[in-house]
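Here's the structure, in structure tokens; my notes come after.
The basis for the numbers below is simple: all heavy atoms, side chains too, and nothing from hydrogens, waters or symmetry mates.
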Number of protein chains: 2
Amino acid sequence: MRVTIHDVARVAGVSVASASRALSGRRKVTPEIAERVARAAAELGYQPNAVAKALRDQTTGTIGMIVPGIGNPFFTTIVEAVERELQKTGTDLVLCASQYSPEVEARRLETLLARRVDGLIISPCDIEASVPAVLDAARRVPLVQLDRHIASAGADWVGVDDEAGMSQAVDHVVAGGARSVVFVGSRLMNSSARLRLGGFERAVARSGVQTAAPLLGEFTLEWGIEAGRRLLDGGPLPDAVVCGNDEIAVGLLRSLRTGGLRFPADVSVVGFDDVGHATMCDPPLTTVRQPVEEMAAEAVRLLGQVKADDPRPAQRVAIAPSLVVRQSSRPAAGATPERPGRSTGRETA
Amino acid sequence: MRVTIHDVARVAGVSVASASRALSGRRKVTPEIAERVARAAAELGYQPNAVAKALRDQTTGTIGMIVPGIGNPFFTTIVEAVERELQKTGTDLVLCASQYSPEVEARRLETLLARRVDGLIISPCDIEASVPAVLDAARRVPLVQLDRHIASAGADWVGVDDEAGMSQAVDHVVAGGARSVVFVGSRLMNSSARLRLGGFERAVARSGVQTAAPLLGEFTLEWGIEAGRRLLDGGPLPDAVVCGNDEIAVGLLRSLRTGGLRFPADVSVVGFDDVGHATMCDPPLTTVRQPVEEMAAEAVRLLGQVKADDPRPAQRVAIAPSLVVRQSSRPAAGATPERPGRSTGRETA
DNA sequence: GAAACTCGGGTAATCGATTTCCCGATCCTC
DNA sequence: GAGGATCGGGAAATCGATTACCCGAGTTTC
């Protein structure tokens, strides 16, 4: 049997109330009692039971986080950032992976709620199918969506301004001389996929360059490789390819290079995220950087403000990304590589 | 205020005992009461408080897992495997990252113990510095080390047979005609680093080929790239390079290729782990596959048997890895690529 | 010098779910 | 038909930490 505060009190020869007060310091005790309790606790190796404390205090000191999968470097990066941020406030993170399945996601939400986490940070895997579970959870506990979000309003969100990011990517390749641009992304089952394709299409329409039907698969290296093969097999190549994330872009670089193409001479490739291996691939990848640290900090900050089922209007915080120009794309003639700039857009939906 | 079983009982017009029994089904109630309770629970949206249940039952239905970092694809793979395995038994996983720091690791252990996890799976970040915290935790709760382990005995371990893996890797490149082999690995702060270097050295000594001083850095892509540069800069190249993990190997391939080398014509490269991008890199990587699913299953199985502070001798389960031959290494003349074989070594330490 | 106040210790309620114990009612069994 | 067994409901204890409340002793104040 584990040692409880009763044991400490007994050994110290005081009441449990005094033992508790001596240990927590939340009310004064005489130096002598403090001393006896401290000695007894040390001697017995007493460690407070966080379960009992959570029940009594009605708070667990715990935040739940659900991401689609931890195999994707973008999500591991953002998880690490959130963990660092929470550490500052002394709250623990309970991490779950939904495995890209709305059913698993709903189950994870249930168990996190049953375990009475003090708040939830979630990147919903499906823009439609995740709606009921996310809204239900938001009604019961403070909840902030991070990165991905559901179609419905009613829950706060922090993420990147996909529209602005795509705009920068397209403008960059157009400035580099591209007359035709193709988008390679993910099927439109999540908000990132939709917003990035939408942003791409609007940017392309605005700048008047040619484009073909987008290639939509998954946010994976494998899909990038496959998409590269399809581009090689199907007719004339575009001058530039803008990708939905870096995984796809790295895969694409690989299969296009295997096909004999050189970057950026034959084709420019731009990614999205700037996490993981974007700097390490060959050639280093021009990409739209998500300000992950800021997003994590903002999500945690917002979570502290949110009350469950708050009538306050849902906040949507879109942080501006920045284009990082490396060697996979042709820069504008005479242009100097851009430096990461920062600005924050904020709106209320 | 959240709805409790008292609310359900009140609405159903029965005692809390009956409500509890109706909901859990652990003792019979009349169909009428079962019906009334079920209706009341559904109507109120009752969800049992897992914190209260944990306090009463003295079990949380939770396993804690600590890995050095989730940025490393090997650890994310093994975490996913453990999560899948635990799901079968209905237990939840609480994941923590020690960030490769023994201090953070010790803190994480403390909070997991305070939260009364039912067991711990840990990959200790440092073979020496992690000893006290791990032994202390093992005294208080069932604990199994997975992959990495501490220098001291006294806690169970499940992992791969590094010695056998290195042996296969060295024998393979020697059979392919290599007369000189170099090891590129990690500094010797964890058990994997030590055992793999040790296995490499013994295998090299046995087969009588030449070797130079090993290059030791970190288990990262960056270090692989850097090590490749050092090989290019420093004197004659070896016929083969055996790496401590796949990250290093992929980085090495990249910088050696940038240096104009071709694989496996100029040099053979072998990795270790076979997770993540080993199949996706160029050329696909010959590597020693860790049977991650089996390791996870074995760890969970063992955890179920372990009692805290059990006088039973600590088990050490070393699962045999298998060499997966791809295109980064020269196969033995006339040899057909090996197929993943499986066998399990088991010993008691 | 007495009333009021402060200080600090102990008792017991509290958080929510489960389960032991008890008790009345019904059902067998001989 | 009486005694025992079975069934199922309710009251209350339990898990462990915290804290509201009470109370006695000592201190202050007019």
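- The closest side-chain donor-acceptor pair between Q58(B) and R2(A), if any, does not fall under 3.5 angstrom.
- For dG10(D), one of the phosphate oxygens OP1 or OP2 lies less than 4.0 angstrom from a side-chain nitrogen or oxygen of S15(B).
- Straight-line distance from the NZ atom of K28(A) to the P atom of dT19(D): 18 Å, rounded to whole Å.
- A side-chain donor-acceptor contact under 3.5 Å links T59(A) and D118(A).
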Check the pair R84(B) / E293(B) against salt bridge (charged side-chain N to carboxylate O under 4.0 Å, His left out), numbers first and verdict last.
-> CA-CA 9 Å; R84(B) 267 193 300 278; E293(B) 294 291 333; 2.6 Å; yes

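- What separates CZ of R10(B) from C1' of dG16(C) is a distance of 14 Å, to the nearest Å.
- Salt-bridge check for E103(A) with R107(A): failed, with every basic side-chain N at 4.0 Å or more from each acidic carboxylate O.
- Out of dG10(C), dG9(D), dA17(C), the shortest distance to the side chain of I33(B) is found at dG9(D).
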Could you go step by step and tell me if R108(A) and E83(B) meet the salt bridge (charged side-chain N to carboxylate O under 4.0 Å, His left out) rule?
-> CA-CA 12 Å; R108(A) 298 294 186 210; E83(B) 189 164 28; 3.5 Å; yes

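- Within residues 35-56 of chain A, the residues that have a heavy atom under 4.0 Å from DNA chain C are, in order of number, L55(A), R56(A).
- Judged purely by distance below 3.5 Å, without hydrogens or angles, the side chains of S123(B) and Q145(B) never pair a donor atom with an acceptor atom.
- The nearest heavy atom of DNA chain C to T30(A) and to I5(B) marks one nucleotide each, and the one closer to the 5' end goes with T30(A).
- Going from atom CD of Q58(A) over to atom C1' of dA13(C) covers 14 Å, rounded to whole Å.
- For DNA chain D, the residues of residues 17-27 of chain A within the heavy-atom distance limit of 4.0 Å (strictly under) are A17(A), S20(A), R21(A), R26(A), R27(A), sorted by number.
- Rounded to whole Å, atom P of dA17(D) lies 12 Å from atom CG of D57(A).
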Would you check, one step at a time, whether the test salt bridge (charged side-chain N to carboxylate O under 4.0 Å, His left out) holds for R39(B) with E43(B)?
-> CA-CA 6 Å; R39(B) 201 197 315 276; E43(B) 182 186 317; over 6 Å; no

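- As a whole-Å value, the separation of H6(A) NE2 from dT18(D) P is 11 Å.
- Without hydrogens or angle criteria, D126(B) side chain to P102(B) main chain gives no donor-acceptor distance under 3.5 Å.
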